[in-house]
Amino acid sequence: MSAASEAETRFEREDTRRRWLLSTPALLIILVAAVGPLLVVLLYSFLAPGSYGDVRWQFSSDAWFNVFLERDIFDDTLAPAWAHLSIFWRSMKLAFITTLLTLVFGFPTAYFIATRDERTREIWLFLITIPFWTNLLIRTFALQEVIRQEGLLNTLLLKLGLISQPIPMLFTDFAIGLGMTYVYLPLMVLPLYASMERIDFRIVEAGYDLYASRFGVLRRIIVPLVKPGIIAGSILVFIPSLGAYVTPRVLGGGKSMMLGNLIELQFGQGRNWPLGAALSIALMAIVMIALLFYVRNASRGGPTHG
Amino acid sequence: MPSAAGCDDNQRSRQKERDVFSGVIVPEKPDRNAIEVRGVSKRFGIGENAFKALDNVSVTIRENEFFTLLGPSGCGKTTLLRLIAGFDFPTEGQIMLHGQDIAPLPPFKRPVNTVFQSYALFPHMTVGQNIGFGLEMLGKPKAEVKARVDQMLRLVRMEALKDRRTSQISGGQQQRVALARALAPSPKVLLLDEPLSALDYKLRKEMQSELKRLQTETGITFIFVTHDQEEALTMSDRIAVMSAGKILQVGAPWEIYDRPADRFVADFIGETNFLPGTLGAIENGRTTVTLSSGAMLPATLAEGYVPNGPATIVVRPEHARAIREGGDLRGQVENIVYFGTDTHIHVRLDDRNLFTVRQQNSRSRDCGFVVGDAVGVAIAPDGAQVLKD
Ligand SMILES: Nc1ncnc2c1ncn2[C@@H]1O[C@H](COP(=O)(O)OP(=O)(O)OP(=O)(O)O)[C@@H](O)[C@H]1O
Ligand SMILES: [Mg+2]
């Protein structure tokens, strides 16, 4: 080995060590605050429920059993736990729709911001982050005020004579969709903006120059380049909306239970911590599987076209 | 332009072929003028901060012409190209393509392609995909696109890099891809914004003759932007010299060089000596000038110029000779610069003006003077021109 390449390996080794050192604090926090509790949850899901909440230190697979199956009270036959499964399904549907809606509304928004000049961009970005300044619960209740029967929106529409009867909006699927989109929109816009900002918009002109229509430019040039942002934004929105719990409760009136509400119920009134823990782990598994598929598919399509 | 009536038929069939190929609507009977720019102004910004990038520009570019826009940085060359391509709109004036106002056409409906100054290649596509993009957007069949892409790759000598990402090739290679990409759809008019600036000398020379050949063969009208006056002089059918948003002179290379319309053009193209002088009687665009040394020279007048009083005379360095005794002007050798093919002798004249003489080098290499020598400058008959200031 030549002296030069030896020096290079030594340099690389030192570089790696320095990076490890620099990332140690973050790794420690992740270990203590994320992996640790997760292990506790996993452990709890294999214990028996205590009578007033909490757990009894005794191995039991009942919780996991109850996630998927249910024993008839009268004849002891086994059936799938349709109640749970439909909640899983409803939550996934909601998360999917939320992701789609935030993408549909977030894309033009991000494009708009990215094509402003530098100073205006900062103002728009600032405006996008304003909702983060207020507590989620308060914002959701405020939204309730807007869309309820005698709320702002209905009053306005009535005054304008556009409707003769107030439209029932609160405690409907529409309310949940609206609330979720509103809450998660910034999480979509920001990563989309981050990818769009890096685009040299002169290549958009090059696209037009080479006979691509507006749609052609969008499909063949902008979307492929913004793909990393679309993936990141979808992940950022999909995961939390799968476990969303405040919005469906406040705006949906708790009429249709979501996974988050179900889990909360087990830790609260249900007093079945192991079941709650098992449901949480199951939720996490869904997220991981969904992510795996999504990222795999998205990156196979690649940033290049067909 | 067809040089003889005999090739007219051939010309027309090729014309038709191109129209089919580009798939863009062109008028039935093409006018001889490819592009007409009529009184175009372009202002950026509004009110107090408005900046006039183009100021009442009018120019006509003929079909199948190699037309060059030459001018210093910031004079509005790119702006003019952008108006023709359709990325920007004129504040005033009109642009006609084959006799039709193109204002209502968006860029993707104009049979005009651009080689961008910044290349503007698609970073998420390979070299080959970049070149094929225009044809694909025109809906050409896959096989045709592929064949054309390969042809273009050969043309710009990039066959080996077809599947590379554009971020993985050098600046000069990117420039060649940009060129191939704009040429691939066979546009009626090709706008080239300094397309050879990033190439090394040898490759630039090669691409220059390649471009020139391509332009004559395909009949595409080229509007070519360059900073490089030598490039402009050697390649163009006609040149427009621009400064500060205005076109100062349009003409064949020799006209621009030998008959500069004003001081800016004379100064910008080639090296020039400016001398003060007094005009004598004018006859048929010719006159006699008396220089400060008392020497009298015959000189031509710039077209349409009616002078009065003292005037400025331009003399190209190669139209003067350094001699030991006599000469039209006298002075002292201040500097001698060797250029390979020739040598520049800078002479400090007795009236303190600087005068440059260019002399061909012979095998002996010695120009016969050393710094400090007393020297005379002999100006060739017909070497002087009276300038419109
Ligand atoms: N979008 C714009 N807004 C404001 N001013 C502009 C804009 N585009 C160009 N300009 C100005 O217009 C003038 C002409 O610009 P242009 O790009 O046409 O110059 P150019 O001749 O192509 O120069 P170069 O040789 O350096 O490329 C410049 O002074 C430039 O600053
Ligand atoms: Mg320019």
Side-chain angles (χ1 to χ4, degrees), chain A residues 103 107 110-112 114-121 191-234 294-306, chain B residues 21-25 45 78 81-82 84-88 105-140 142 145 163 165-167 177-178 180-187 189-191 193:
Chain A
L103 190 59
F107 198 94
Y111 188 84
F112 173 81
T115 47
R116 295 311 97 182
D117 66 53
E118 216 141 303
R119 243 202 31 234
T120 339
R121 259 190 242 177
L192 283 179
Y193 168 77
S195 326
M196 281 186 197
E197 187 216 26
R198 265 177 285 154
I199 297 180
D200 174 1
F201 278 92
R202 281 175 294 192
I203 69 171
V204 171
E205 287 185 348
Y208 288 137
D209 190 59
L210 293 161
Y211 312 111
S213 60
R214 285 180 186 86
F215 179 72
V217 165
L218 180 71
R219 193 173 66 86
R220 295 290 306 274
I221 297 171
I222 297 174
V223 168
L225 287 172
V226 182
K227 209 160 196 175
I230 297 178
I231 294 176
S234 304
Y294 185 64
V295 171
R296 169 106 53 85
N297 276 333
S299 55
R300 192 179 29 223
T304 44
H305 59 281
Chain B
F21 198 75
S22 67
V24 177
I25 310 112
T78 300
L81 290 196
R82 288 176 58 82
I84 296 172
F87 305 133
D88 264 326
L105 293 182
F108 51 87
K109 294 226 177 96
R110 298 185 183 191
V112 173
N113 283 151
T114 310
V115 181
F116 291 85
Q117 190 168 15
S118 58
Y119 319 146
L121 299 179
F122 305 127
H124 56 298
M125 297 182 197
T126 64
V127 166
Q129 287 166 337
N130 262 280
I131 298 174
F133 188 83
L135 294 170
E136 228 181 290
M137 288 295 115
L138 286 172
K140 300 291 164 207
K142 275 222 164 68
V145 175
D163 296 319
R165 281 299 174 82
T166 53
S167 53
V177 175
R181 186 179 69 174
L183 273 171
S186 302
V189 177
L190 189 63
L191 310 176
D193 202 345

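Given the structure is predicted, the values throughout are model-derived calculations rather than measurements. Protein chains get the first letters and strands the later ones, always in sequence-line order, with residue 1 at the start of each.
Here the straight-line distance linking atom CZ of B/Phe122 with atom CG of A/Leu210 works out to 5.5 Å at 0.5 Å rounding. Remark: A/Glu205 CD to B/Asp88 CG distance equals 7.5 Å, nearest 0.5 Å.
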Walk me through it: do A/Lys227 and B/His124 pass the test side-chain contact (heavy atoms from CB on, under 4.5 Å)?
CA-CA 11 Å; A/Lys227 209 160 196 175; B/His124 56 298; over 6 Å; no

Show, in sequence, the C-alpha distance, side-chain angles and deciding distance for A/Arg220 and B/Phe133, and conclude whether the side-chain contact (heavy atoms from CB on, under 4.5 Å) test is met.
CA-CA 9 Å; A/Arg220 295 290 306 274; B/Phe133 188 83; 3.9 Å; yes

List the steps and the verdict of side-chain contact (heavy atoms from CB on, under 4.5 Å) for B/Phe108 and A/Arg214.
CA-CA 9 Å; B/Phe108 51 87; A/Arg214 285 180 186 86; 3.9 Å; yes

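Chain A forms more heavy-atom pairs under 4.5 Å with one residue of B/Ala178, B/Ala182, B/Gly134 than with any other, namely B/Gly134.
Among all heavy-atom pairs drawn from A/Ala206 and B/Arg181, the shortest one is CB-NH2, 3.5 Å. In plain terms, the two heavy atoms of A/Arg202 and B/Ala120 that are nearest each other are O-CB, 4.0 Å.
In this structure, chain A has no heavy atom under 4.5 Å from any part of B/Leu191. Using a 4.5 Å cut-off between heavy atoms, B/Arg82 contacts chain A through its side chain alone, with no backbone atom that close.
Listed for the B/Asn113 side chain is a donor-acceptor partner under 3.5 Å among the backbone atoms of A/Asp209.
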